[in-house]
Amino acid sequence: MAVGEVMRMEIPSGGDMSVTSPELHVLAVDDSIVDRKVIERLLRISACKVTTVESGARALQYLGLDGDKGASVTDYSMPGLTGYDLLKKIKESSVFREIPVVIMSSENILPRIEQCLREGAEDFLLKPVKLADVKRIKELIMRNEAEDCKTLSHSNKRKLAEYIDDAPSPSPSPSSSTHDDSSAKDFPSSKQMKSADEKFSSLL
Amino acid sequence: MDTLVAQLQRQFRDYTISLYHQGFLDDQFTELKKLQDECSPDFVAEVVSLFFEDCEKLIGNMARALDQTGNVDFSLVGSSVHQLKGSSSSVGAKRVKGLCVTFKECCDSQSFEGCVRCLQQVDIEYKSLKAKLQDLFNLEQQIVQAGGRIPQVDI
């Protein structure tokens, strides 16, 4: 499922946001094996698809190879690339900047939180992470995706088309409250995204 | 007259409550239990098992670093302590986490004796918790084998 697919929603003409949302695919990044196990379970229970990796560098590799991650949840304090470094790289990437990133940290340091939010993090979770936190984050991300969908402009649609190959011609649904094609598009299930090298190098 | 199952369930309940009241476990352990269900019936046992392996590894790192007589890298010890604090927090190992706080202070103030003392305490503490949780899991198994259900314990 590509990032674009997360944004495909059925928006009834009544404007009611009862969404049949496809599964959110989350890339969870943490150097602690215990925390990886816990966050994986928290996300699975919240009906997300999960891939876990142990470092920022690995996270970038995964995004480069298999960029259909709907969102990423990352620990802040990691050796090598910190969660903040990873956030920056994702937000600076033309291909991946739309991926929502949530930062987790065991330390409640306000300047750190502000810095992450300024850099474009969706939210900041204090560890230990609880089920209620994950549910809240998922709702936030899905809600934001739906908002983006509603207000998509033509230029944004073109940006979407960049990383969705061979998109079939749109068949707008009469019940859609927006005339944007993206909300009614039927994306092919296997995406031919940019080559792994191209994507990876855009992150470096 | 109590059935075997009822007796075991009462034991389980009492033991669980005592672990919380004596400060071995905290709220986060309860959170982990919420994540266990029929699809993932051994989730808590799996996580704590990973945690105890982590303890062993990190304590080994700390011991090695402290063993470099005259050339102890306290930031290295501190970084292992930080990791241990994180994972103990994630599983609800309250006493271990508390010891890590003290331990971190000893690292920050570069107190060799303090660190050695903390290392010993943390080693004893995680092993003690490991034994207690093993007893708890054994009780669960006995209940299930006797045909009963594991009671939900509200702390």
Side-chain angles (χ1 to χ4, degrees), chain A residues 23 26 28-50 52-56 58 73-86 102-109 112-113 124-138, chain B residues 25-61 73 75-76 78-94 96-98 100-101 103-105 108 126 129-130 133:
Chain A
E23 216 179 28
V26 181
V29 192
D30 203 314
D31 61 324
S32 159
I33 190 172
V34 171
D35 288 354
R36 277 201 302 281
K37 175 101 178 161
V38 174
I39 194 69
E40 180 188 49
R41 184 77 188 132
L42 285 168
L43 288 165
R44 288 236 164 90
I45 277 203
S46 309
C48 295
K49 253 181 90 178
V50 192
T52 59
V53 292
E54 66 200 15
S55 70
R58 276 261 186 270
V73 149
T74 177
D75 188 26
Y76 184 94
S77 306
M78 298 186 291
L81 279 174
T82 66
Y84 176 72
D85 296 329
L86 178 61
V102 172
I103 309 282
M104 307 180 282
S105 174
S106 56
E107 294 164 300
N108 194 2
I109 297 173
R112 173 186 288 184
I113 298 172
F124 192 101
L125 295 180
L126 210 51
K127 284 180 161 183
V129 180
K130 298 172 173 7
L131 193 55
D133 297 325
V134 172
K135 290 205 147 104
R136 193 189 83 236
I137 289 301
K138 189 192 175 191
Chain B
L25 297 174
D26 67 25
D27 188 48
Q28 185 60 17
F29 190 79
T30 318
E31 286 293 314
L32 290 190
K33 295 225 87 167
K34 284 186 197 169
L35 306 182
Q36 186 162 282
D37 59 20
E38 306 79 46
C39 307
S40 237
D42 299 315
F43 174 70
V44 178
E46 287 165 7
V47 178
V48 302
S49 173
L50 284 173
F51 168 65
F52 292 130
E53 282 170 22
D54 211 31
C55 285
E56 218 178 295
K57 182 190 92 178
L58 292 169
I59 286 170
N61 293 348
D73 185 348
S75 68
L76 202 59
S79 125
S80 288
V81 173
H82 178 78
Q83 287 180 62
L84 185 58
K85 179 167 169 253
S87 52
S88 59
S89 165
S90 296
V91 304
K94 189 174 178 183
V96 177
K97 179 179 164 187
C100 288
V101 174
F103 201 160
K104 190 70 172 43
E105 286 163 12
D108 292 343
Y126 100 82
L129 180 63
K130 187 174 177 184
L133 287 180

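Just so you know, these numbers come straight off a predicted model, no measurement behind them. Within every chain, numbering begins at 1; the chains are lettered A, B, ... in the order of the sequence lines, protein sequences first and strands thereafter.
The line from OG of B:S90 to CZ of A:R36 is 12.0 Å long, rounded to the nearest 0.5 Å. Separating the OG atom in A:S77 from the NE2 atom in B:H82 is a distance of 4.5 Å, to the nearest 0.5 Å. Between atom CZ of residue A:R44 and atom SG of residue B:C39 there is a gap of 12.0 Å, rounded to the nearest 0.5 Å.
Of the atoms belonging to A:E40, not a single heavy atom falls under 4.5 Å from chain B. Contacts of B:D27 with chain A are made by side-chain atoms alone, with heavy-atom separations under 4.5 Å and no backbone atom involved.
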Candidate pair B:S40 and A:R41, rule side-chain contact (heavy atoms from CB on, under 4.5 Å), full reasoning: CA-CA 9 Å; B:S40 237; A:R41 184 77 188 132; 3.4 Å; yes
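Each side chain to side chain donor-acceptor pair (under 3.5 Å) pair with one or both residues in residues 125-134 of chain A, not counting sequence neighbours, appears once here: A:D30-A:K127, A:D35-A:K127, A:D75-A:K127, A:K130-B:Q28.
Along residues 51-60 of chain B, the residues that come nearer than 4.5 angstrom to chain A, judged on non-hydrogen atoms, are B:F51, B:D54 in order of number.
For the set B:V48, B:L50, B:V91, B:L35, the count of heavy-atom pairs under 4.5 angstrom toward chain A peaks at B:L35. Of the listed residues (B:S87, B:G92, B:G86), the one with the most heavy-atom contacts under 4.5 Å to chain A is B:S87.
Residues A:P128 and B:E31 are not in side-chain contact: their nearest non-hydrogen atoms beyond the backbone lie 4.5 Å or more apart.
What you find for B:K34 and A:I45 is that their closest heavy atoms are O-CD1, 4.3 Å.
No more than 12 heavy atoms of other residues, nucleotides or ligands shown are found within 6.0 angstrom of CZ on A:R58.
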